[in-house]
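Side chains are part of it too, since the values below use all heavy atoms of this structure and drop only hydrogens, waters and symmetry mates. Computed from a predicted structure; not experimentally measured.
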Amino acid sequence: MLGGYLVREHNGITLVGRIVETEAYLQNDPACHASRGMTERTRVMFGQPGLGYIYFTYGMHHCFNIVTNDEGIGEAVLIRALEPIKGTEAMYAIREKAKRDTDLLSGPGKLCQAFSLTRSENGVDLIESDLIFLEQGKLTKSEAVDVTSRVGITVAVDKPWRFFIKGNPFVSKGRPSSKETAP
DNA sequence: GGGAAGATGTTCT
DNA sequence: GAACATCTTCCCT
């Protein structure tokens with residue numbers, strides 16, 4: 001999934017971002033919303049692969065996931081950061097706080113705001129939709145994938161399920177949540 | 001430049 | 001009523 005493109009048509013403007021950072025959430029993973037069974041909120045995660053699962057958290061932020069496993073299995077990949085490719089002017093207009101390109105999409109809450117993804121887009125079919133969909137892309141020769149533990153969680157912090165393009169400036173600044181104790 | 005805490009609403013116990 | 005897959009601001013170094 002890293003290196004692919006997320007395309008969003010909004011108000012007649014095309015926004016494109018390249019996926020540079022993701023996290024995996026599996027069903028038997030305590031940090032995954034679906035680990036405690038299906039609820040009203042996590043229903044989409046148990047749907048067919050290719051759906052977009054969007055939830056609201058911390059009172060002011062949305063997070064965008066892509067459902068990955070078969071129907072009946074609650075697993076998804078969180079999109080944590082995108083590299084702005086197209087429509088950056090519209091992103092700046094929405095995100096007034098952003099001063100540089102690296103401020104626009106470098107975090108799950110930021111990219112949802114810039115792409116205008118809210119709960120009303122929850123459950124969208126990324127394969128059928130003309131408004132939100134994915135395009136294929138791949139890593140260049142000089143790019144490498146790095147892996148760390150995940151960010152912003154309090155359980156299963158030792159699971160190395162955060163994937164990102166090594167050295168890419170648009171990866172979020174969040175540090176892995178595993179406790180790094182001095183040797 | 002970096003760490004700590006506040007903001008704020010939905011979901012689940 | 002507590003927790004939360006975060007972002008921003010404020011204050012310190």
Tell me whether A/L126 shares a hydrophobic cluster with A/I73, the cluster being built from Ile, Leu, Val, Met, Phe, Trp, Tyr side chains joined at under 4.5 Å.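 Not linked; separate clusters.
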Do A/L51 and A/L111 belong together in a cluster built from hydrophobic side chains that touch within less than 4.5 Å?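 A/L51 and A/L111: separate clusters.
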Once you round it to whole Å, what is the distance between P of B/dT8 and NE2 of A/H61?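 In whole Å, B/dT8 P lies 11 Å from A/H61 NE2.
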Mind calculating the distance between OH (A/Y58) and C1' (B/dA5) to the nearest angstrom?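 Roughly 13 Å, once rounded to whole Å.
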Within 45 degrees of the axis of the six-membered ring of A/F164 and under 6.0 Å from its centre: does A/R162 put its NZ or CZ there?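 A/R162 over A/F164 ring: yes.
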Does NZ or CZ of A/R80 lie under 6.0 Å from the centre of the six-membered ring of A/F64, at an angle within 45° of the ring axis?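 Verdict for A/F64: no cation-pi partner in A/R80.
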Heavy-atom pair with the smallest gap, counting every atom of A/C32 and A/M45: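 Between these two residues, the closest heavy atoms are SG-CE, 3.6 Å.
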Where do A/H62 and A/C112 come nearest, in terms of heavy atoms and distance?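 Closest approach of A/H62 to A/C112: O-SG, 3.4 Å.
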Distances for protein N/O vs nucleotides 10-13 of chain B N/O pairs under 3.5 angstrom?
{"residue": "B/dC12", "atom": "OP1", "partner": "A/T39", "partner atom": "OG1", "Å": "2.2"}

Would you check if the distance from the ring center of A/H10 to the ring center of A/F115 is below 6.0 Å?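 No, too far apart.
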So what does A/G59 hit on the nucleic acid, given a heavy-atom distance under 4.0 Å: a base, only sugar-phosphate, or nothing?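 Base, at least one base atom sits under 4.0 Å.
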Within the structure shown, what part of the strands sits under 4.0 Å from A/M38 by heavy-atom distance: base, sugar-phosphate, or nothing?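 Result for A/M38 = nothing.
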Separation between the P atoms of C/dA5 and B/dG3, rounded to whole Å: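 After rounding to an integer number of Å, I get 22 Å for this pair.
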salt_bridge(A/R150, A/D29) N-O dist < 4.0 Å: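 Yes, A/R150 and A/D29 are salt-bridged.
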So does A/R18 pair up with A/E143, basic N to acidic O under 4.0 Å?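 Salt bridge: yes.
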Residue pair A/S172, A/E21: steps toward the side chain to side chain donor-acceptor pair (under 3.5 Å) verdict: CA-CA 8 Å; A/S172 78; A/E21 181 180 0; 3.1 Å; yes
Worked verdict on A/D101 versus A/Y92 for side chain to side chain donor-acceptor pair (under 3.5 Å): CA-CA 9 Å; A/D101 285 0; A/Y92 275 114; 2.7 Å; yes
Name all stems that contain residues of DNA chain B, defined as runs of 3 or more consecutive Watson-Crick or G-U wobble pairs, both distances under 3.5 Å.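 Ordered by first number, the stems with DNA chain B (at least 3 consecutive pairs each) read B:1-7 with C:6-12, B:9-12 with C:1-4.
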What is the 5' to 3' range of DNA chain C, first to last nucleotide, that sits under 4.0 Å from any heavy atom of chain A?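 From 5' to 3', the first and last contacting nucleotides are C/dC4 to C/dT9.
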